[in-house]
Number of protein chains: 6
Amino acid sequence: MIYESIGSSSAEWAGKSYPAIRETAEADGSLLVVPVGSVEQHGHHLPVATDTILVDAVVHGGSEAAGEDLPILVTPPVWSGFSPHHLPLGGTLSLELEHLKAVLEDVALTGVENGFDAVCFVNGHGGNASLIDAVVSTVGRSTDAEVLGTTYFSLATDEIETLRESETGGMAHGGEYETSLMLHLRPDLVAETEVRRGTPGDEHYEWSDVDLLHGGPLSVYRGFDEYSETGAIGAPELASAEKGARIYDVVTAELAALLVAIHEHNA
Amino acid sequence: MIYESIGSSSAEWAGKSYPAIRETAEADGSLLVVPVGSVEQHGHHLPVATDTILVDAVVHGGSEAAGEDLPILVTPPVWSGFSPHHLPLGGTLSLELEHLKAVLEDVALTGVENGFDAVCFVNGHGGNASLIDAVVSTVGRSTDAEVLGTTYFSLATDEIETLRESETGGMAHGGEYETSLMLHLRPDLVAETEVRRGTPGDEHYEWSDVDLLHGGPLSVYRGFDEYSETGAIGAPELASAEKGARIYDVVTAELAALLVAIHEHNA
Amino acid sequence: MIYESIGSSSAEWAGKSYPAIRETAEADGSLLVVPVGSVEQHGHHLPVATDTILVDAVVHGGSEAAGEDLPILVTPPVWSGFSPHHLPLGGTLSLELEHLKAVLEDVALTGVENGFDAVCFVNGHGGNASLIDAVVSTVGRSTDAEVLGTTYFSLATDEIETLRESETGGMAHGGEYETSLMLHLRPDLVAETEVRRGTPGDEHYEWSDVDLLHGGPLSVYRGFDEYSETGAIGAPELASAEKGARIYDVVTAELAALLVAIHEHNA
Amino acid sequence: MIYESIGSSSAEWAGKSYPAIRETAEADGSLLVVPVGSVEQHGHHLPVATDTILVDAVVHGGSEAAGEDLPILVTPPVWSGFSPHHLPLGGTLSLELEHLKAVLEDVALTGVENGFDAVCFVNGHGGNASLIDAVVSTVGRSTDAEVLGTTYFSLATDEIETLRESETGGMAHGGEYETSLMLHLRPDLVAETEVRRGTPGDEHYEWSDVDLLHGGPLSVYRGFDEYSETGAIGAPELASAEKGARIYDVVTAELAALLVAIHEHNA
Amino acid sequence: MIYESIGSSSAEWAGKSYPAIRETAEADGSLLVVPVGSVEQHGHHLPVATDTILVDAVVHGGSEAAGEDLPILVTPPVWSGFSPHHLPLGGTLSLELEHLKAVLEDVALTGVENGFDAVCFVNGHGGNASLIDAVVSTVGRSTDAEVLGTTYFSLATDEIETLRESETGGMAHGGEYETSLMLHLRPDLVAETEVRRGTPGDEHYEWSDVDLLHGGPLSVYRGFDEYSETGAIGAPELASAEKGARIYDVVTAELAALLVAIHEHNA
Amino acid sequence: MIYESIGSSSAEWAGKSYPAIRETAEADGSLLVVPVGSVEQHGHHLPVATDTILVDAVVHGGSEAAGEDLPILVTPPVWSGFSPHHLPLGGTLSLELEHLKAVLEDVALTGVENGFDAVCFVNGHGGNASLIDAVVSTVGRSTDAEVLGTTYFSLATDEIETLRESETGGMAHGGEYETSLMLHLRPDLVAETEVRRGTPGDEHYEWSDVDLLHGGPLSVYRGFDEYSETGAIGAPELASAEKGARIYDVVTAELAALLVAIHEHNA
């Protein structure tokens, strides 16, 4: 029940009154952050809202690390992502691509109307990533505010590479990276008895993505039921809460640096 | 930060793994509930997420009152509503009507794919109400599941009428009804020093809506900045946490009866 | 053949030349009325255009009662409504919801371009009602003219309640209300030998609509072939031409009062 | 007020009950005709519904001439056409092109669902003509019924050429052809004192259309206010009711022959 | 491989740098030409790109004949046409009608942004012709530039009539006209051993089109596999390279005259 | 004039008759390749069709290197890309994002209808890259064929890195990479006297893309007129035809390997 924790961070749009929002928006170098997640199957051990939980946590963590005095506001996470490839397994609520595009455009454009100097999408679901890039262009054409977008697990990859224990492929959907973060942030939602290695099929092309940290030049469409028996891919058995805490620190620090840079660039 | 409280109710879709969701969906008379709110200005004393907070609370309250053994799941609230008339004051994130329609259709249709026998939208924002009705038809044509929709403050209006102290017009946007519920559920988010009577203009036609409990036969479009100086309308000064608790009990009981009826109708 | 009677009322847009239309539009407090009906099955005893015939008659009756000197013009009725739930029985021509929305927006917006101060949709088909409400918002955002909408059988319901002989449920689709009006206005199109009570299924929820005069808080989607053997619901056998005349007088008088109020509000 | 004359022809869909419509639709070689007009300025002497009045009359005349025993039904005329080039003068209600396309597709497809073997659009407005052709393709792909389309003034042009007194250009918008038909069919709606020659500008390219009877290979977009002071083009002063009667006879006979051919082709 | 010949004509947009394009666009009476073809089956003897090859050649021929000093630029041909009726035979790449419409609008509108005084679509595929007409209107409403459209084989039809050897019907899809042009322009792509008379079915209505030179008043939708065994219709066996050269000269001369007229009209 | 060189490669869809296309499509492991380019300003020294010329050349080179006996066909390049950020400088023809999406979906889906086992988009324009990824998903959901996508300059980046002379940022829009390829493939279209270093502004964030070979985690929207005086970015002065030949060999070899892998994977 999300109604219980709305407003727990000082940067949360949702918990403020409109005069407070306008005040921040009108400050110099003001920045609106739009977290985008998904609700989709994440194997037997993780809840379906994993991507939304993680991106919401990382964005608020980054925003706090950037400093509470910066004029940054964070919208509620867009939890409805683009996940058609997960539908066959169940547990997934997915928008059509053009509908998610429209939501992101509307949220960003009605948000910046308040006077923000910049808006940055922060994405937490691989299946949304290319759309986020595209929406940066369509929103960018429609506003004078600066428009940016990123996916949190593409940040600070060099440092995180040093933290991993798995080989390439182990930090994939529901693997070492996401499971560690969940063990750190919401261990109560991790079914540890269900943690099982998700074997990526030998169906992969060598050119295609196999890991959150390693994108390849080739995109391939394939239903997740063809990839994995459990719905997860990678090495969740190598995950730990401690590793999650370190990943969280590295990523939020990097995101904080980015948010500060955007603020300064537009101040 | 909504990530902190996801999964706190046993009926929450978001906090479950996909096998658990499928199990509920495949039970006899299973029911998916989609809460729909808004993020829009609610005067100086209430947070912009008021509609989302309230509908989320009422839906989970109703679901719990219906009985935890019933096969009911609740999606995360769709927090992005249709609120163009609130944009001029600020604090509002609004979707275009057709985009909200698309989101509701996609969420409901990918949700029922899991095997639900029925899906019910529960709305918490007046500006969404007619769209909810319309979407019941468009979703209804596209699935064999039974499709229903309601707005929570249209339930149990006779009983709530007995609880009110304000005259007609006092239970409008940010007035006695909503402020009481917020004082009961999230008093920390109510700026009590900012509670002021919102004077509805004499701009009203006698045929048009003036109160959450009293719909009229006439719809009129008007920006909220023409109605009210504060952004709220009605009598929030008559609100109290105790009244909010009673409203909450009445409405969740009525919603529970409806959910049970839907379950039994489709079992 | 509608070509024979176009222009028979002094308020008809269709029968005028463009200079005459502009003259009215430019007058103080000018008002454009857009009737919206449907072409859908109405049981064995009524023609499929019943909703269009009735809304067209009521709107012109109301306009005449408001006074011929008021600057009011009435477009031809939009006869293509949203009636997917009637398609299985036959006789129905239905638009997709978004297409009807687009038609209403285009007609209203190109109409007010002539200089009208207000535009009011008057609807005659239950299935269109929520869309009319929604379109009031989308058109309202796109023009400086005042935008309003209503459904004629939601007007003057207290008085009509005193005229009825049927119990709740008797004034539903093709029942006592509509059949009486048709017997008054176009008795030649009523197949009196086919008048049969339409039994509403016990499929109804107690929260849902069962009568033109009594809306409930719950919307449910259901094909009309599930409701009724004949396609009609209610008590057409209690209809009479005399009752139709009285209903017509009551409703047109109320609509006239509304049109005058809109005119004065914008003059 | 169109409600007064609905049902005056035996081929009118609007005035029938649904069982009667299904009976015709299920007959061998059944044909649905969809007349398409416009509501747009037609100079000072003709009403804005001229195109709708004429196509409705011609279609019912053609249908009657084809024989009342043929299984032909005619929908109400789609009176909302595509007339952006007429908007500047006033009196015009125009749909966006894609919205008119959607209306025609929905009307035709929900109509043929009743069991028709063929559907034929008959158009009465030059600005709709190319869209009618295009919609024949899009509807044709979506149904097994045969799909056809024509514009009535492109029929029997050789014979009508012998009836004209004007030179090429005289049978243009609101000119000799349309004014004659109106004088024959609805003389009460013609303001004879306002009949004035509409001078087509010397803005014309030799390759472009200048007359209802003579299409050229070139389309040019131009607002009507650039063409003509009155809004009409051509020689309405050469029009007469007698000529209108002869044009009507020739065109309805040709249309009847076409309808019979379609019926026989699909029987 | 089209990359080899881009830039071979002095009027080609594609081969120029942007400063050169702006210079031409800013000249007096500047004209942008957008050729539109298709990729669709053309029988066993012609390549699927026939329409694109021919319209590209005719447009550049016309442009050169108009004079290299005129400020005319030609975009690359839009090769993706509207050809659903050809899909069953194979070899066809077809856009949905509304998608082709959008492409033409975007290309024309971003093109004229450079400063052109006029834009003219020149079409080479019968199935696109009505859409071209319609797009002239939609683009025309959105720009101050003059907007025109034509289909090349509707030009100079009187002269070409004198060149033909076939009867009406022989100059249809892949018949005497197109095969002659291809034998003149790209004989290497004509499989002469596969040239066979395509028998148009006796399925034709007398009112419908049967020849590129003779349009009729009736549109009918029919898949090409119902018309013809080979996919072609007409008399390709009467084609010759010499006749193709003469057709080419006549058509490019006429198109040149049209382009000059547009230039002068807008200079 | 592209009509002159259509059909010059044995893998070209455009130059074939439909029976030949079907034969290839029905072979085992058949693959359809859709090149996607753009027409947009490329500085003063390169033609606006550079992206289309290069992707067309690379795709045909890759296809030839894969072996002429493989069942691979290449559609004409989609030359209309998504380039809104280039419009201010001129020379650009750009589609709206959703329109390009629709074109790619229609081309791919009507193409695979012929019987292909796989379809691969090969993109040549950075601004299209994220859309290509997204379209892989939307097309993938709509067909049983395997759907893939790549951008040619993301292939073999390690090897090309060894060929470069510029620092990071030198292989950007119209820089060392593209100019070298153009000097190798179409030197006649390169204005060597106009080759000037394009200075990327210090407006860059350290997280954003600066080079075709080095993607960063951040997307930023910015018009090209803010980046660069000439419209190009990077080091075209380090380009050479010889380097272009080596880049071409490396990239076509890598693409060939990918095409063979797709063929084998689906055979």
Side-chain angles (χ1 to χ4, degrees), chain A residues 1-9 12-22 25 39 41-49 52-54 56-57 60 75-80 87 89-96 98-99 102-103 106-107 110-111 113-115 185-186 188-189 191 194 231, chain B residues 1-9 12-22 25 39 41-49 52-54 56-57 60 75-80 87 89-96 98-99 102-103 106-107 110-111 113-115 185-186 188-189 191 194 231:
Chain A
M1 297 184 285
I2 71 173
Y3 83 87
E4 295 171 316
S5 56
I6 280 180
S8 54
S9 154
E12 262 188 290
W13 177 293
K16 296 189 184 306
S17 69
Y18 80 90
I21 289 167
R22 294 193 75 143
V39 171
Q41 72 81 19
H42 265 74
H44 291 241
H45 66 297
L46 292 180
V48 293
T52 299
I53 290 169
L54 295 184
D56 192 46
H60 280 288
T75 73
V78 177
W79 57 261
S80 47
L87 286 170
L89 282 169
T92 301
L93 301 171
S94 175
L95 299 193
E96 294 294 323
E98 47 268 40
H99 300 160
V103 168
D106 287 356
V107 168
T110 58
E113 252 186 58
N114 287 271
L185 292 161
R186 291 297 309 273
D188 53 314
L189 295 179
E194 295 290 344
Chain B
M1 297 182 285
I2 71 175
Y3 83 86
E4 295 171 316
S5 58
I6 281 181
S8 55
S9 154
E12 264 187 288
W13 177 293
K16 295 191 185 306
S17 70
Y18 79 90
I21 290 168
R22 295 194 75 144
V39 170
Q41 72 80 18
H42 264 74
H44 290 240
H45 64 297
L46 292 181
V48 293
T52 299
I53 290 169
L54 295 184
D56 192 46
H60 280 288
T75 71
V78 176
W79 57 261
S80 47
L87 286 170
L89 283 168
T92 301
L93 302 171
S94 176
L95 299 193
E96 294 294 322
E98 46 269 39
H99 300 160
V103 168
D106 286 356
V107 168
T110 57
E113 251 185 57
N114 287 269
L185 292 162
R186 292 297 309 273
D188 54 315
L189 295 179
E194 297 288 346

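In what follows, chains carry the letters A, B, and so on, assigned in the order in which the sequence lines appear, proteins first and then strands, with residues in each chain numbered from 1. For clarity, every value in this text was computed on a predicted model and none was experimentally measured.
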Of the non-hydrogen atoms in B:Ala14 and A:Pro47, which two are nearest, and what is the gap between them?
-> O-CB, 3.6 Å

Kindly give the heavy-atom pair with the smallest separation between B:Pro19 and A:Gly43, and that separation in Å.
-> CD-O, 4.4 Å

Would you call [X] and [Y] a side-chain contact if the rule is heavy atoms closer than 4.5 Å?
| X | Y | value |
| --- | --- | --- |
| A:Pro76 | B:Leu93 | yes |
| A:Val78 | B:Trp79 | yes |
| B:Ser8 | A:Met1 | yes |

Residues B:Glu194 and A:Ser17: side-chain donor-acceptor under 3.5 angstrom |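 No pair is found: no donor N or O on one side chain lies under 3.5 Å from an acceptor on the other.
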
Counting only heavy atoms closer than 4.5 Å, note whether [X] contacts chain B via side chain, backbone, both or neither.
| X | answer |
| --- | --- |
| A:Gln41 | both |
| A:Glu12 | side chain |
| A:Thr92 | backbone |
| A:Val107 | both |
| A:Leu95 | both |
| A:Ile2 | both |

Could you check whether any side-chain N or O of [X] sits under 3.5 Å from a backbone N or O of [Y], counting only pairs where one atom can act as donor and the other as acceptor?
| X | Y | result |
| --- | --- | --- |
| A:Arg186 | B:Gly7 | no |
| A:Trp13 | B:Ala49 | no |
| A:Arg22 | B:Gly91 | no |

Separation between CG of A:Leu189 and CD1 of B:Ile6, rounded to the nearest 0.5 Å |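 The distance works out to 8.0 Å.
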
Name the member of [options] that forms the most heavy-atom pairs with chain B at distances under 4.5 Å.
| options | value |
| --- | --- |
| A:Leu185, A:Ile21, A:Ile53 | A:Ile53 |
| A:Ala102, A:Gly115, A:Ser9, A:Ser94 | A:Ser94 |
| A:Leu54, A:Thr52, A:Asn114 | A:Asn114 |
| A:Glu98, A:Glu113, A:Lys16 | A:Lys16 |
| A:Ala57, A:Gly231, A:Gly111 | A:Ala57 |

So which part of [X] gets closer than 4.5 Å to some heavy atom of chain A, the side chain, the backbone, both or neither?
| X | result |
| --- | --- |
| B:Glu96 | both |
| B:Leu89 | both |
| B:Val39 | side chain |

Applying the ring-ring contact (aromatic ring centres under 6.0 Å, His included) test to A:Tyr18, which of B:His44, B:His42, B:His45 qualifies?
->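 It is B:His44; the other options fail the test.
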
